[in-house]
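The next block holds one structure in the form of structure tokens; read it before the comments.
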Amino acid sequence: MINQDLLTYIKKKIEKGSSREEIKETLVDTGWKEEAVEEAFSFLRITEVPEVEMAPQPPKELFEPAREMLEPAPEELLLEPREETPPVISEPIKTFKAKPALPWKKILIGALAVFIVAGVAFGGYYFYSNRPLMIIGQALAKIPGVKSFQVDSEFKITIDSQTLETLKQAQELEALNNEYAFQSKTKVDFINPNDIKLSAEVSSGQALAAEFRLADNGIYGKLNKAELDPSSYFKPGDDEEVQAVYEILRGVLADKWVKFSEVNSSQFAPNQEIIEEICEGIKSHPKVIKKITKTTGSDTAYGYKLEIDKNEVAVLLADITGLEPAKEFINQNLTIGDLEVWIGKKTSMVEKLSVNFSLNVKSLGLIETEAAQIVTVQYSGTFANHNQAVEVAAPETFSTPEAIMGEYYSAILASPLYQIALKDQEIISNMESLKEAAFAFHSQRATYVNFEKTSAFLAPWRTINRQGGAPLVMYYLKDAFCVQKELLSSKYYCVDYTGYSGSDAYCDKTSCDCKK
């Protein structure tokens with residue numbers, strides 16, 4: 001009699017797509033006799049299991065764990081056959097319930113998605129961590145190809161308080177400020193290397209405004225506004241004449257284009273080799289940039305703040321210029337502060353640049369005291385319109401330097417202010433002669449008494465009083481004297497026995513010296 005468990009097992013295997021040979025081999029290997037197996041196949045009328053169309057399957061090894069879970073090995077399903085009786089299927093076959101198939105396709109897709117996301121995340125981290133250097137490198141590569149641009153700039157010069165006081169005392173420049181700011185709007189076009197074009201508007205606060213142009217191989221300039229007091233920057237005694245000259249020049253130059261000279265504008269073309277050498281030098285000296293910090297930037301530009309290694313800058317410039325002393329000078333006297341750069345997201349062009357640096361002016365020989373040290377320069381520029389032709393034309397009407405000088409001399413001859421300044425200078429010169437004569441008199445007689453009766457006093461005294469204004473005043477003691485005269489400019493000029501000379505003092509009758 002055919003074993004019912006054997007028939008059930010064969011049916012299930014056939015339903016799962018196993019071939020007759022596979023089923024037979026498995027049963028024989030587990031102890032079933034070949035005749036019993038063949039009899040079961042005959043009973044079921046199966047000569048060969050028909051092929052079943054199957055969907056393409058993933059590699060077998062990928063699902064081995066699942067196959068083991070769904071198909072217990074025959075050893076677990078079948079009992080060892082007995083010699084005297086036909087083998088029977090073991091109890092686990094009767095009670096085995098196949099576990100529901102796991103959604104391996106979904107699991108596989110999910111696993112792949114995780115790997116993809118993790119890979120993208122890692123790649124993104126690596127990419128973006130190096131992105132600033134990549135963007136800056138692209139900008140450097142673009143610089144030699146820039147043929148035109150427009151830039152709005154500001155220079156700010158700040159003098160530290162110690163240096164400022166030292167300059168004031170050493171040069172007698174009371175009008176010096178601790179900060180000066182200059183703005184400019186500049187357009188440059190060297191698309192045609194034989195016809196370089198430039199226009200610039202320069203200003204300093206509300207006091208100064210001027211324009212310059214380089215067009216048609218000519219350099220032009222125009223003074224739009226100059227509300228300055230240059231006399232404050234000169235030593236006492238020179239200020240009246242300086243002020244007069246300034247007023248005349250300002251009147252002659254105001255709102256008038258002057259053609260300074262004819263030039264070959266091609267000489268202003270940038271040296272491409274030097275620019276490329278500098279850009280390549282920066283890229284080949286990566287330690288120049290110590291640290292990069294991302295800043296806000298703008299909608300159209302990436303913003304970065306760069307921390308610069310001064311030592312590497314010194315090495316870079318020494319390599320480019322071939323001047324080894326430049327390295328030592330920079331290391332000792334230059335301090336580089338913040339450097340911020342904006343680079344266009346689409347163009348890879350520099351759109352903004354700002355930097356500040358400090359210079360030890362003592363090292364330049366400008367200051368001798370130990371206390372005076374630092375002048376700080378700050379620059380900020382916003383760049384636009386790269387590689388776009390700039391419209392710059394020569395002024396339609398302009399004057400030549402010769403014509404301007406002719407107007408200047410004519411204005412001097414007609415200027416009451418200048419004539420007053422000239423006469424005041426003559427008075428001051430004679431006052432100095434009086435002082436020197438008084439010293440000579442004292443050295444001979446050990447007193448200043450009766451000095452006013454000598455010819456050395458009377459000659460310059462008469463010349464001074466002939467200039468007009470209030471008469472000369474003189475007070476003296478045996479070992480002291482002072483002489484005072486009101487100038488035509490309404491200032492008082494005073495000299496005394498201490499050697500003092502100045503236009504901001506008066507002669508004190510009691511002490512016989514000049515008092516401010």
Side-chain angles (χ1 to χ4, degrees), residues 135-155 182-202 210-221 259-286 288-289 301 304 306 308 312-323 326 330 334 336 339-344 346-357 377-394:
I135 293 173
I136 293 170
Q138 289 175 341
L140 284 171
K142 285 266 190 175
I143 288 174
V146 174
K147 297 298 183 183
S148 69
F149 59 86
Q150 177 179 332
V151 57
D152 290 353
S153 302
E154 180 181 65
F155 279 97
F182 303 90
Q183 296 80 34
S184 68
K185 295 179 179 292
T186 307
K187 296 179 181 179
V188 180
D189 182 348
F190 35 84
I191 293 174
N192 180 354
N194 296 316
D195 183 19
I196 309 302
K197 297 180 179 181
L198 175 146
S199 68
E201 299 176 26
V202 182
E211 292 181 60
F212 299 94
R213 291 186 190 178
L214 171 60
D216 299 337
N217 292 318
I219 299 178
Y220 306 84
K259 185 175 183 178
F260 298 123
S261 65
E262 290 281 345
V263 298
N264 179 2
S265 66
S266 62
Q267 64 184 291
F268 294 95
N271 189 314
Q272 292 296 108
E273 292 182 1
I274 294 178
I275 294 174
E276 290 174 4
E277 187 176 355
I278 293 173
C279 293
E280 288 300 320
I282 294 173
K283 287 193 285 187
S284 63
H285 290 71
V288 166
I289 303 173
Y304 300 105
L306 279 60
I308 302 299
E312 287 296 321
V313 171
V315 171
L316 170 61
L317 292 180
D319 289 349
I320 292 175
T321 62
L323 301 175
I330 291 172
L334 186 67
I336 303 175
L339 170 61
E340 185 173 356
V341 61
W342 287 12
I343 299 172
K346 294 184 178 179
T347 63
S348 294
M349 298 284 193
V350 174
E351 293 188 3
K352 181 179 179 180
L353 180 67
S354 61
V355 65
N356 67 70
F357 59 89
V377 178
Q378 295 171 279
Y379 170 79
S380 178
T382 304
F383 297 80
N385 299 331
H386 298 86
N387 295 338
Q388 297 183 28
V390 174
E391 293 295 329
V392 178

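Nearest heavy atoms, Trp342 versus Ala301: CB-CB, 4.1 Å. Val390 and Val188 make their closest contact through CG2-O, 3.8 Å (heavy atoms, listed as atom of the first residue, atom of the second, distance). Taking both residues in full, the closest heavy atoms of Lys142 and Thr347 are given as CE-O, 3.4 Å, listed atom of the first, atom of the second, then distance. Listed here is the closest heavy atom pair of Tyr220 and Ala215: CE1-O, 3.7 Å. Closest of all the heavy-atom pairs between Ala269 and Pro193 is CB-O, 4.4 Å. Of all heavy-atom pairs between Thr186 and Ala200, the closest is OG1-CB, 4.0 Å.
From Gln183, atom CD reaches atom CD of Glu154 across 5.0 Å, with rounding to the nearest 0.5 Å. Residue Lys197 holds its NZ atom at 11.0 Å from OG of Ser148, rounded to the nearest 0.5 Å. Considering CD of Glu211 and NZ of Lys185, their distance stands at 12.0 Å, rounded to 0.5 Å. Taken from CZ in Phe155 to OG in Ser380, the straight-line distance is 10.5 Å, to the nearest 0.5 Å. Remark: Ile196 CD1 to Asn217 CG distance equals 9.5 Å, nearest 0.5 Å.
The shortest side-chain heavy-atom distance between Ile219 and Phe212 does not fall under the 4.5 Å cut-off. Val146 places a side-chain heavy atom less than 4.5 Å from the side chain of Met349. Residues Val263 and Phe268 have side chains in contact (heavy-atom distance under 4.5 Å, counting atoms from C-beta outward). By the 4.5 Å heavy-atom criterion applied to side chains, Ile136 and Leu306 are counted as neighbours. Side-chain atoms of Asp189 and Val392, non-hydrogen and from C-beta on, never get closer than 4.5 Å to each other. Under the 4.5 Å side-chain criterion, counting only non-hydrogen atoms from C-beta, Ile278 is not in contact with Ile143. In this structure the side chain of Leu316 reaches within 4.5 angstrom of the side chain of Ile282, judged on heavy atoms.
Summarising the local packing, CZ of Phe357 is surrounded by 12 or fewer heavy atoms from other residues, nucleotides or ligands at distances under 6.0 Å. Around the CD atom of Gln267, the shell of radius 6.0 Å holds more than 12 heavy atoms that belong to other residues, nucleotides or ligands.
Evaluation of the salt bridge (Lys or Arg N to Asp or Glu O under 4.0 Å) rule for Lys259 yields Glu262 as partners, not counting sequence neighbours. Residues forming a side-chain hydrogen bond (donor to acceptor under 3.5 Å, both in side chains) with Asp195 (at least two apart in sequence, or on another chain): none. Partners of Ser153 according to the side-chain hydrogen bond (donor to acceptor under 3.5 Å, both in side chains) rule, which considers only residues two or more places apart in sequence or in another chain, are Tyr379.
Side chain of His386 to main chain of Gln150: no donor-acceptor pair is present (N/O by atom type, distance under 3.5 Å, no hydrogens or angles). Between the side chain of Ser266 and the main chain of Asn194, no donor-acceptor pair closer than 3.5 Å is present. The backbone N or O of Ala393 lies less than 3.5 Å from a partner atom in the side chain of Arg213, making a donor-acceptor pair.
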Give the C-alpha distance, both sets of side-chain angles, the deciding distance and a yes or no for side chain to side chain contact (heavy atoms under 4.5 Å, CB included) between Leu353 and Phe383.
CA-CA 8 Å; Leu353 180 67; Phe383 297 80; 4.1 Å; yes
Do Val313 and Ile308 pass the side chain to side chain contact (heavy atoms under 4.5 Å, CB included) test, and can you show the C-alpha distance, the side-chain angles, and the key distance before you say yes or no?
CA-CA 8 Å; Val313 171; Ile308 302 299; 3.3 Å; yes
Audit row: Thr382, Asp152, side chain to side chain donor-acceptor pair (under 3.5 Å) steps and yes/no
CA-CA 5 Å; Thr382 304; Asp152 290 353; over 6 Å; no
